[in-house]
Number of protein chains: 2
Amino acid sequence: MADNLAISDVARVFGLRTSAIRYYEQIGILPPPVRKNGQRRYEQSALFRLAVVQRAQESGFTLDEIRELFFGFRAATRPPKRWHELSERKIAELQLRMKRLKLMQTLLKQMQDCRCNALEDCGKKLLSKSSKERNHAHLR
Amino acid sequence: MADNLAISDVARVFGLRTSAIRYYEQIGILPPPVRKNGQRRYEQSALFRLAVVQRAQESGFTLDEIRELFFGFRAATRPPKRWHELSERKIAELQLRMKRLKLMQTLLKQMQDCRCNALEDCGKKLLSKSSKERNHAHLR
DNA sequence: CTTTGACTTAAAGTCGACTTGAACTTGTAG
DNA sequence: CTACAAGTTCAAGTCGACTTTAAGTCAAAG
C-alpha cells in the first residue's frame, strides 16, 4: 500500500514490463512521476489509473481512446459535451460487442454439439442478419 | 444469391478490400476458389465462411485462432479432443470478456453521472478485485 | 574500488492484420 | 485499335502496442 514505488514494482502489480509503463508515459497515458536520482517513483494514483487502463484495453479500447475517454478532459478542463457524446457512443458500442460475444458463444457451443453443418448454417444466418445491421452500426 | 462472384463482389458484401480477401486465402482462412481467366470466382460457401470469420474477429479471435477453431479440423479430419478443449477455453474466455465489458460500461456510466472521482474510485475497486482473478484467468 | 542489479534514454525491431505499389494481363466499350 | 476498369503477383510499407538493444548512470554489497 506504500507510495514511492519503483517502476518494477508497478510493473509486477499489473503483469507488465517496465518498458510498457515508460511507453504509457511517453504517449500521455500516465503522467510523468516524481524522480529520485533520476528514477521514477510512483504513488497509488498511478496504480488506479493503470487499473482502469488495463480494463479498458480488455474491453477493446485503443490507447488513444482511453486517453480521450478517461484522461482527456484534464487538458481542456472539461469540454463536457464532446466527452459525453464520445462516451455515449462507446457505451452503445460495448452493448453491441456484448451481443456479438453472446452470438459467438452460441456458435461455438453449437459446433461442440457437433451438428456439423452448424458452421454453414450459422454463416447463412449471420449473412442475412448483417445486411440490416450494417446501416445502423459502425464498429471498427 | 448467385455463385460465380468476383472478388470485388465478395469484398463489397463484407465491406472489405479485395486485398483482405486475397490475404485470407494466402493464410489459409479461405480456400483457393475456382479461377476464370486467372480471376477468382467465389461461391456462396465462401460468403458463409467470411461471415463467421468476421463475427469471430469482432469477438476478439485472432485469424490463427479462427482457422484452428472453425476450419482447423479439415486438415486432420476430426481431432475432436483437442478441438473440444480449445473451444471450451474460448467459451470461458468469452464469458470473462462479457463480464468485463459490463464493468466497463458501468464505469463509463458512472463517469457520465460525473461523481467526478469515479475514476479513482473505480481504479481502487478494480485493483482490489484483480488480485483474486489474476491467478485464475489468462487472457491475452 | 569494483561488481551487481536496477534504473535511464533513444532508436530500432516485432507482430498481427492488412494495404500499397509496381508491373503486368484480360475482357469489354467506343 | 486503343483505352479503361478490374483482375493478377510479389514485395514492401503501415499501424498500434509494445519490446529489444545499446550505451550509460547510480547506490548498495562484497
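Chain naming here is simple, since letters A, B, ... match the order of the sequence lines and numbering starts at 1 in each.
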Inset, instruction - Mind calculating the distance between CG (B:Asp64) and P (C:dC18) to the nearest angstrom? - result: 12 Å

Inset, instruction - Using a 4.5 Å cut-off on heavy atoms from C-beta on, say whether the side chain of B:Leu69 contacts that of B:Phe61. - result: yes

Inset, instruction - Mind listing the residues from residues 19-29 of chain B sitting with a heavy atom below 4.0 Å of DNA chain C? Number order is fine. - result: B:Ser19, B:Ala20, B:Tyr23, B:Tyr24

Inset, instruction - Quickly work out the B:Phe61 CZ to C:dG16 C1' distance and round it to whole Å. - result: 17 Å

Inset, instruction - Using a cut-off of strictly less than 4.0 Å, decide whether A:Thr18 has a side-chain nitrogen or oxygen near OP1 or OP2 of C:dA6. - result: no

Inset, instruction - Output, in order, the C-alpha distance, side-chain angles, deciding distance and verdict of salt bridge (Lys or Arg N to Asp or Glu O under 4.0 Å) for B:Arg55 and B:Glu58. - result: CA-CA 5 Å; B:Arg55 291 304 191 168; B:Glu58 283 157 3; 3.4 Å; yes

Inset, instruction - Measure the distance from CD on B:Gln57 to P on C:dA17 and round it to the nearest whole Å. - result: 7 Å

Inset, instruction - Please state how far atom CD in B:Glu68 lies from atom P in C:dG16, giving the value in whole angstrom units. - result: 13 Å

Inset, instruction - Report the distance from atom CG of A:Leu50 to atom P of D:dA17, rounded to the nearest whole Å. - result: 15 Å

Legend entry - Interatomic distance, B:Arg41 CZ vs D:dT8 C1' [rounded to whole Å]: 12 Å

Legend entry - A:Arg49 side chain vs A:Ile29 backbone, donor-acceptor pair below 3.5 Å: yes

Legend entry - Position toward the 5' end of DNA chain D (nearest nucleotide), A:Asn37 or A:Leu16: A:Leu16

Inset, instruction - Any chance you could lay out the side chain to side chain donor-acceptor pair (under 3.5 Å) test for B:Lys102 and B:Gln105, step after step, and finish with the verdict? - result: CA-CA 5 Å; B:Lys102 197 92 208 72; B:Gln105 237 188 1; 3.0 Å; yes

Legend entry - Side-chain donor-acceptor pair present, B:Arg97, B:Gln95, cut-off under 3.5 Å: no

Inset, instruction - Ignoring backbone atoms, establish whether B:Arg17 has a side-chain N or O less than 4.0 Å from OP1 or OP2 of C:dC18. - result: no

Legend entry - Pairwise side-chain contact, B:Tyr24 with B:Leu50, heavy-atom cut-off 4.5 Å (strictly under): yes

Legend entry - Test item: A:Met104 and B:Lys90 side chains (from C-beta on) under 4.5 Å apart, heavy atoms: no

Legend entry - Between P of C:dA6 and CG of A:Asn4, the distance in whole Å: 18 Å

Inset, instruction - Would you indicate, yes or no, if D:dA5 has its OP1 or OP2 atom less than 4.0 angstrom from a side-chain nitrogen or oxygen of B:Gln39? - result: no

Legend entry - Separation of atom CD1 in B:Ile7 from atom P in C:dT26, rounded to whole Å: 18 Å

Inset, instruction - Indicate whether OP1 or OP2 belonging to C:dT9 is found under 4.0 Å from a side-chain N or O atom of A:Arg35. - result: yes

